[in-house]
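Worksheet for the structure shown next.
Residue numbers begin at 1 in each chain, while the letters A, B, ... track the order of the sequences.
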Amino acid sequence: MSSAGDRSTPPSDPWSPFIEAIVATLLESARAAGLTLADAELFEQLELDAGPDGDVAFPTHRLARQSGRAPAELAGQLAAGCRATPFVRAVRSKGAYVNFEVQPERLIDATLRLVFARGARFGHGEPSADPVCVEHTSANPTGPFHIGRVRNAIIGDTLARLSRAAGQPVTTQYYVDDMGRQAAMITWIWTKPRAEWPEEIRRTVDGEEAPGEKPDRHRGRPYPAISAYLKEHEAARAEVAEIVRAIESGRPPPEHRTLTQAILSGMLASLERLGIRFDEFVWESDFLRDGSVDGVIERLRVAPHAVREENGAWAIDAAEYGLPKESTHVVFQRGDGTSLYVTRDVAYHLAKFARFARVADVLGQDHQLHARTLNALLAEIGEPRRPEFLIYQDITVPEGGRMSTRGGSAVWLDHLLEEAVTRARAEVLRRREDLPADEVERIAESVATGAVRYHIVRIAPEKPVVFRWEEALSFEGRSGPFLQYSYARASSVLRKGGVEDGPYPFDAARLADPEELALVRVLARLPRVVAYAARTAHVQAIAGYAHDLADQFNRFYHAVPVLSSGAERASRIALVAAARQSLGNSLDLLGLDRLATM
RNA sequence: GGGCGCGUAGCCUAGCCUGGAUAGGGCACCGGGUUCCUAACCCGGCGGUCGAGGGUUCAAAUCCCCCCGCGCCCGCCA
């Protein structure tokens with residue numbers, strides 16, 4: 001059940017004329033009954049998708065209270081005073097509710113027309129001029145993705161797709177952290193002659209090095225061992241620290257950027273399989289190089305709560321920003337004059353604010369405090385704007401604990417995809433022995449990546465997730481492959497009917513089966529779902545919608561013959577085409593491949 | 001200790017922003033369905049003190065308070 005809420009009735013929403021008609025007739029009825037109420041108020045109280053008793057419901061409790069009347073009696077009177085219109089077939093009261101049932105033929109007609117008119121843009125909102133930046137993933141380029149980090153990428157990419165569909169000009173950015181100790185550790189080991197590698201680190205690379213191994217895997221392989229090694233060896237720590245200093249002074253080892261880039265490219269290749277690409281890459285060190293970090297430091301030094309620490313470091317006393325007691329002093333410049341991550345992040349965000357009307361950051365929950373610290377520093381330099389943070393919870397392993405690269409508990413994205421492809425291939429071969437091998441591979445890849453993407457995006461970001469292989473690799477029920485299968489079914493009907501490309505003439509009166517009307521109702525919801533999901537960043541809403549749509553399509557498919565039907569044939573084909581279009585648009589929003597056959 | 005998030009059937013989950021009529025799905029389990037457009041499907045059944053308590057309200061899974069449990073963070077790391 002959803003409220004009409006923001007009272008918008010855009011032309012991109014098939015419900016708009018129905019809502020307007022209902023508001024008008026209800027208002028008229030209320031006035032006739034001697035009641036005064038603003039149409040805005042009435043609009044807010046309307047409930048859409050109200051259930052079995054009607055399409056739209058109006059609860060009278062509030063109005064009853066205002067007028068001192070009994071809700072049920074009021075509902076009866078209001079219902080009786082509503083005229084039938086071309087849009088509204090019946091108005092009935094039930095208890096305290098006035099239920100409106102729209103003219104089904106009208107709804108079918110309006111919805112299918114809109115779907116065909118807008119095609120790939122059905123469900124999308126009106127274009128807006130305000131550019132939006134979505135920063136997501138931004139994982140340190142130190143090795144392959146594990147599934148925990150991929151949650152960021154999937155949520156961020158889906159948010160970007162939804163925002164675009166909602167009409168916003170979106171730019172996605174990956175913030176490449178090439179400045180930290182972690183990046184320095186990689187450079188430290190790979191710029192050292194192999195003969196000088198400590199034995200325990202060399203072990204991690206020798207023996208398993210495969211030709212054609214992805215660079216993120218290959219170059220990142222020694223990383224966990226370096227971590228452990230540095231804990232025990234001070235001299236090595238000093239060498240890494242020297243590299244960090246070189247990077248911070250703007251003179252990194254020449255191989256540094258190349259190595260970082262190589263690992264990043266391997267990581268991006270994995271995301272590419274999931275349909276995730278970035279418009280821009282922003283390198284953290286660039287803000288140092290172009291002087292903007294110095295600018296931020298200057299502004300922070302004269303900020304209202306700037307304090308100088310004993311050893312010459314500078315901080316903001318951020319007590320009033322509601323930070324935890326122990327971190328109220330936010331240091332933005334070290335005693336040795338170098339900058340910190342949060343300082344550079346301020347510079348980065350100022351650069352974003354200069355270009356974008358809205359700035360969204362997808363962050364893991366471990367960055368919660370960083371987000372608040374960043375906000376505090378922005379406030380201190382008088383920057384009124386703030387990023388919108390989308391914080392997601394960790395993916396943990398069943399044994400307990402977060403996924404750890406070092407602890408060996410990580411589930412690698414590449415491994416997961418490999419396993420998913422193996423299973424998907426077996427499923428395809430089991431039922432489609434007619435397909436050529438390359439076609440089998442193509443389908444298996446799409447099914448596998450679709451299953452993984454959907455498995456992550458279906459769950460609200462703020463929910464913690466425990467990773468389980470059986471669940472992640474499920475191809476049934478509420479899964480990506482279920483959606484793709486439904487799309488393939490619809491495609492198959494159109495293919496066999498010889499009408500893959502339309503046009504799709506139809507007569508709404510021929511679509512009288514309850515399952516047909518039910519399917520149209522689901523189709524008609526898409527524009528509102530997209531608007532809602534984009535506005536609230538509830539990316540899981542589109543996942544739920546796509547399942548509802550596929551589910552209802554399958555019910556219709558079983559209940560009603562299409563190609564073998566008589567006078568209804570053309571209209572049913574049109575309905576299948578519209579369902580395929582909407583489902584396809586939903587798959588696009590989720591980043592799942594449309595499969596014409598599987 | 002403080003901050004943030006989470007707690008809905010055996011398991012997973014939607015709904016919470018914006019309170020509204022019998023809380024939607026999926027997995028598992030039980031019983032059906034394929035001379036017909038793809039059975040990765042469909043139909044039926046089973047299963048709920050919405051963590052506990054209190055408050056606000058005509059009305060609370062939804063808002064407020066408190067408590068319990070779980071996770072994360074609280075660095076001159078990133």
Partners meeting salt bridge (Lys or Arg N to Asp or Glu O under 4.0 Å) with A:Arg181 (sequence neighbours left out): none
Ring center gap for A:His61 and A:Tyr97 short of 6.0 angstrom: yes
Interface polar pairs with nucleotides 7-9 of chain B, N/O, under 3.5 angstrom:
unit_1: B:G7; atom_1: OP1; unit_2: A:Lys463; atom_2: NZ; d: 2.6

Compile the donor-acceptor pairs under 3.5 Å between side chains in residues 312-322 of chain A and protein atoms, sequence neighbours left out, one pair per line.
unit_1: A:Asp317; atom_1: OD1; unit_2: A:Ala319; atom_2: N; d: 3.3
unit_1: A:Glu320; atom_1: OE1; unit_2: A:His305; atom_2: NE2; d: 2.9
unit_1: A:Tyr321; atom_1: OH; unit_2: A:Glu380; atom_2: OE2; d: 2.7

Selection residues 364-376 of chain A - residue pairs positive for salt bridge (Lys or Arg N to Asp or Glu O under 4.0 Å), sequence neighbours left out: A:Asp366-A:Arg402
Sugar-phosphate only, base, or nothing, as touched by A:Met179 at under 4.0 Å among non-hydrogen atoms: nothing
Atom C1', compared across B:C74 and B:A9: separation rounded to whole Å: 37 Å
Partner residues of A:Glu462 under the side chain to side chain donor-acceptor pair (under 3.5 Å) criterion, sequence neighbours left out: none
Qualifying residues under side chain to side chain contact (heavy atoms under 4.5 Å, CB included), relative to A:Arg425, sequence neighbours excluded: A:Val421, A:Thr422, A:Leu429, A:Val440, A:Glu441, A:Ala444
Under the side chain to side chain contact (heavy atoms under 4.5 Å, CB included) test, residues paired with A:Arg495 that sit two or more places apart: A:Ser491, A:Ser492, A:Glu500, A:Ala596, A:Thr597
Partners passing ring-ring contact (aromatic ring centres under 6.0 Å, His included) against A:Tyr532 (at least two apart in sequence or in another chain): A:His538
Under 4.0 angstrom between A:Arg334 side-chain N/O and B:C77 OP1 or OP2: yes
Give each protein N/O atom lying under 3.5 Å from an N/O atom of nucleotides 67-75 of chain B, with the pair distance.
unit_1: B:G71; atom_1: N2; unit_2: A:Gln365; atom_2: OE1; d: 2.9
unit_1: B:C72; atom_1: O4'; unit_2: A:Gln365; atom_2: NE2; d: 3.1
unit_1: B:C73; atom_1: OP1; unit_2: A:Arg402; atom_2: NH2; d: 3.0
unit_1: B:C74; atom_1: O2'; unit_2: A:Ser327; atom_2: OG; d: 3.2

Sugar-phosphate, base or nothing in reach of A:Ala96, heavy atoms under 4.0 Å: nothing
Pairwise P distance, B:G20 and B:G15 [rounded to whole Å]: 13 Å
Aromatic stack A:Tyr97/B:G20: centroid gap under 5.5 Å, interplanar angle under 30°: no
Qualifying salt bridge (Lys or Arg N to Asp or Glu O under 4.0 Å) pairs with a residue from residues 539-552 of chain A, counting only residues at least two apart or across chains: A:Arg525-A:Asp548, A:Asp551-A:Arg555
Nucleic acid contacts of residues 483-496 of chain A, taken as heavy-atom distances under 4.0 Å to RNA chain B: A:Tyr485, A:Ala488, A:Arg489, A:Ser492, A:Val493, A:Lys496
Can you give me the N/O atom pairs linking the protein to nucleotides 26-35 of chain B at distances under 3.5 Å, or say none if there are none?
unit_1: B:G26; atom_1: O2'; unit_2: A:Arg478; atom_2: N; d: 3.2

